[in-house]
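Working notes, structure below.
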Protein chains: 2
Amino acid sequence: MPTLLGYAIRRSQIAIFQDFMRSMGATGIRPAQYSILTVIARNPGLKQAQVSDSLGIERARLVLVLNELEERGLARRVLSTTDRRSHALFLTPEGERLLAELDHRVAEHEARLIAKLGQPGRRQLLELLSRLQDD
Amino acid sequence: MPTLLGYAIRRSQIAIFQDFMRSMGATGIRPAQYSILTVIARNPGLKQAQVSDSLGIERARLVLVLNELEERGLARRVLSTTDRRSHALFLTPEGERLLAELDHRVAEHEARLIAKLGQPGRRQLLELLSRLQDD
DNA sequence: TATTGTTATACTCTATAACTATA
DNA sequence: TATAGTTATAGAGTATAACAATA
């Protein structure tokens, strides 16, 4: 294949995804689940629509992932008192505990990637990727 | 979200994919289909297993995509004379014609990305991405 | 025995549309 | 009317397993 940027990025993403899943081990937590847990932990009480917007996940899709997270006892929906259409989202104590462990696993995963790039390479890569998303 | 490499790459890939699909316009050709057409055009007579390997597409998945490409009259399977288990793959004249148009559209797509990075930035990005796939 | 292509199944993710209950 | 969450559906991609034909 020619050196198309889209192709190179897709192949890299597959490699990173596979390392991520190995890092998560028996937890079986996928990238989308991890990002949702992280956003809720940093912004307790967030509404589903806000999580959808900030992560670029369709709100219909978010419903299903939140169902899984609730069934696993990691997050919970609380009816908002101010706007009864919406749900405020929180982690359970078990969710907080698991997220701390996931953060540790993700840090190791990220360290493996940084070992391949070097710290300057990592910064450069993030800078170049951010340019692709401009305008 | 923190500046995780996997997250940044995923977001960039989504942006690139959307520009790619806009570039393909009414042809509706997806990245996987384009990559398959390209590989066949450059290596006429290739077997399905070789296409699977070189593009990292599951052979069961390739069967379905090739069915689509054959139904659209873009590619054809020819029974191999040397190994009757396998199919030799070729583009039809219509496939060759469409691919030439797709190459033009993809070149414009790529030029838009390069405009955001600069040529040195593009080379740097490809180099950094290739490091992520090592070992 | 192993490989090529095929069929089938299950799951994840994206994209839409339509519905309900609230505002 | 518009918005928040939900349900449902269809398509794309990934991952497996099993099968027939052939090597």
Side-chain angles (χ1 to χ4, degrees), chain A residues 6-7 9-11 13-22 24 27-36 40 45-72 75-89, chain B residues 6-7 9-11 13-22 24 27-36 40 45-72 75-89:
Chain A
Y7 187 72
I9 284 193
R10 176 177 159 266
R11 296 301 288 244
Q13 209 221 320
I14 290 169
I16 291 176
F17 175 79
Q18 287 171 346
D19 187 276
F20 183 93
M21 288 311 293
R22 268 198 308 278
M24 298 317 239
T27 72
I29 293 287
R30 299 183 302 274
Q33 295 173 313
Y34 174 70
S35 67
I36 292 167
I40 297 174
L46 219 57
K47 297 192 298 180
Q48 292 183 201
Q50 294 171 313
V51 174
S52 294
D53 285 353
S54 70
L55 294 178
I57 298 172
E58 282 295 327
R59 68 190 207 276
R61 172 78 192 140
L62 180 62
V63 170
L64 304 181
V65 182
L66 280 176
N67 289 347
E68 291 171 5
L69 295 176
E70 275 200 324
E71 280 156 25
R72 283 184 64 168
R76 60 200 170 89
R77 296 165 163 108
V78 176
L79 277 169
S80 167
T81 50
T82 57
D83 182 343
R84 286 161 55 224
R85 291 173 303 184
S86 70
H87 296 157
L89 301 174
Chain B
Y7 187 73
I9 284 194
R10 176 178 159 267
R11 297 300 289 244
Q13 209 222 319
I14 290 169
I16 291 177
F17 176 79
Q18 287 171 345
D19 187 276
F20 182 94
M21 288 311 293
R22 269 199 307 280
M24 297 317 239
T27 71
I29 292 287
R30 299 183 303 274
Q33 294 173 313
Y34 174 69
S35 67
I36 291 167
I40 297 175
L46 219 55
K47 297 191 297 178
Q48 292 182 203
Q50 293 172 313
V51 174
S52 294
D53 285 352
S54 69
L55 294 178
I57 299 172
E58 282 294 328
R59 67 189 207 278
R61 172 78 192 140
L62 180 62
V63 170
L64 303 181
V65 182
L66 280 176
N67 289 347
E68 292 170 6
L69 296 177
E70 274 200 324
E71 279 155 28
R72 284 184 63 169
R76 60 200 169 90
R77 296 165 163 107
V78 177
L79 278 170
S80 167
T81 50
T82 57
D83 181 344
R84 285 160 56 223
R85 290 173 303 183
S86 70
H87 296 157
L89 301 174

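Here is how names work: the chains are called A, B, and so on, in the same order as the sequence lines, proteins then strands, and each is numbered from 1.
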Please name the pair of heavy atoms, one in [X] and one in [Y], separated by the smallest distance, quoted to 0.1 Å.
X: B:Gln48; Y: B:Leu62; answer: O-CD2, 3.3 Å
X: B:Val78; Y: B:Arg76; answer: CG2-NH1, 3.5 Å
X: B:Ser80; Y: B:Asp83; answer: OG-N, 3.1 Å

Inset, instruction - Report yes if a donor N or O on one partner sits less than 3.5 Å from an acceptor N or O on the other, where the partners are the side chain of A:Arg85 and the base of D:dG5; otherwise report no. - result: no
Inset, instruction - Could you tell me whether a side-chain N or O of B:Glu70 sits under 3.5 Å from a main-chain N or O of B:Arg77, the two making a donor and an acceptor? - result: yes
Inset, instruction - Spell out, as yes or no, whether a donor-acceptor pair under 3.5 Å connects the side chain of B:Arg11 to the backbone of A:Leu55. - result: yes
Expressed in angstrom and rounded to an integer, what is the separation of [X] atom [atom1] from [N] atom [atom2]?
X: A:Ile57; N: C:dT14; atom1: CD1; atom2: P; answer: 7 Å
X: A:Met21; N: D:dG13; atom1: CE; atom2: C1'; answer: 15 Å
X: B:Asp53; N: C:dT4; atom1: CG; atom2: P; answer: 8 Å
X: A:Asn67; N: D:dT6; atom1: CG; atom2: C1'; answer: 9 Å
X: A:Gln13; N: D:dT14; atom1: CD; atom2: P; answer: 10 Å
X: A:Arg77; N: D:dG5; atom1: CZ; atom2: C1'; answer: 8 Å
X: B:Leu79; N: C:dG5; atom1: CG; atom2: P; answer: 10 Å
X: A:Arg59; N: D:dA8; atom1: CZ; atom2: P; answer: 16 Å

Inset, instruction - Show your working on side chain to side chain donor-acceptor pair (under 3.5 Å) between B:Tyr34 and B:Arg30 and close with a plain yes or no. - result: CA-CA 6 Å; B:Tyr34 174 69; B:Arg30 299 183 303 274; over 6 Å; no
Can you identify which nucleotide, out of [options], has its nearest atom closest to the [X] side chain?
X: B:Ala60; options: C:dT4, C:dT7, D:dT7; answer: C:dT7
X: B:Arg61; options: C:dT22, D:dT6, D:dT14; answer: D:dT14
X: B:His87; options: C:dG5, C:dA15, C:dA8; answer: C:dG5
X: A:Ala32; options: C:dC13, D:dA18, D:dT14; answer: C:dC13
X: A:Arg10; options: C:dA15, C:dT4, D:dT14; answer: D:dT14

Legend entry - Nearest-nucleotide comparison on DNA chain C, the residue closer to the 5′ end among B:Leu64 and A:Val65: B:Leu64
Inset, instruction - Select from A:Asp83 and A:Pro31 the residue whose nearest nucleotide in DNA chain C is closer to the 5' end of that strand. - result: A:Pro31
Legend entry - Contact nearer the 5' end of DNA chain D, comparing A:Gln50 with A:Phe17: A:Gln50
For [N] and [X] - does any side-chain N or O of the residue sit under 4.0 Å from the phosphate oxygens OP1/OP2?
X: A:Gln48; N: D:dT6; answer: yes
X: B:Lys47; N: C:dG5; answer: no
X: A:Arg30; N: C:dC13; answer: yes

Inset, instruction - For B:Glu58, answer base if it contacts any base atom (sugar-phosphate contacts may also be present), sugar-phosphate if it contacts only those atoms, and nothing otherwise; contact means non-hydrogen atoms under 4.0 Å. - result: base
Inset, instruction - Would you indicate what B:Arg84 reaches in the nucleic acid, counting non-hydrogen atoms under 4.0 angstrom: base, sugar-phosphate, or nothing? - result: sugar-phosphate
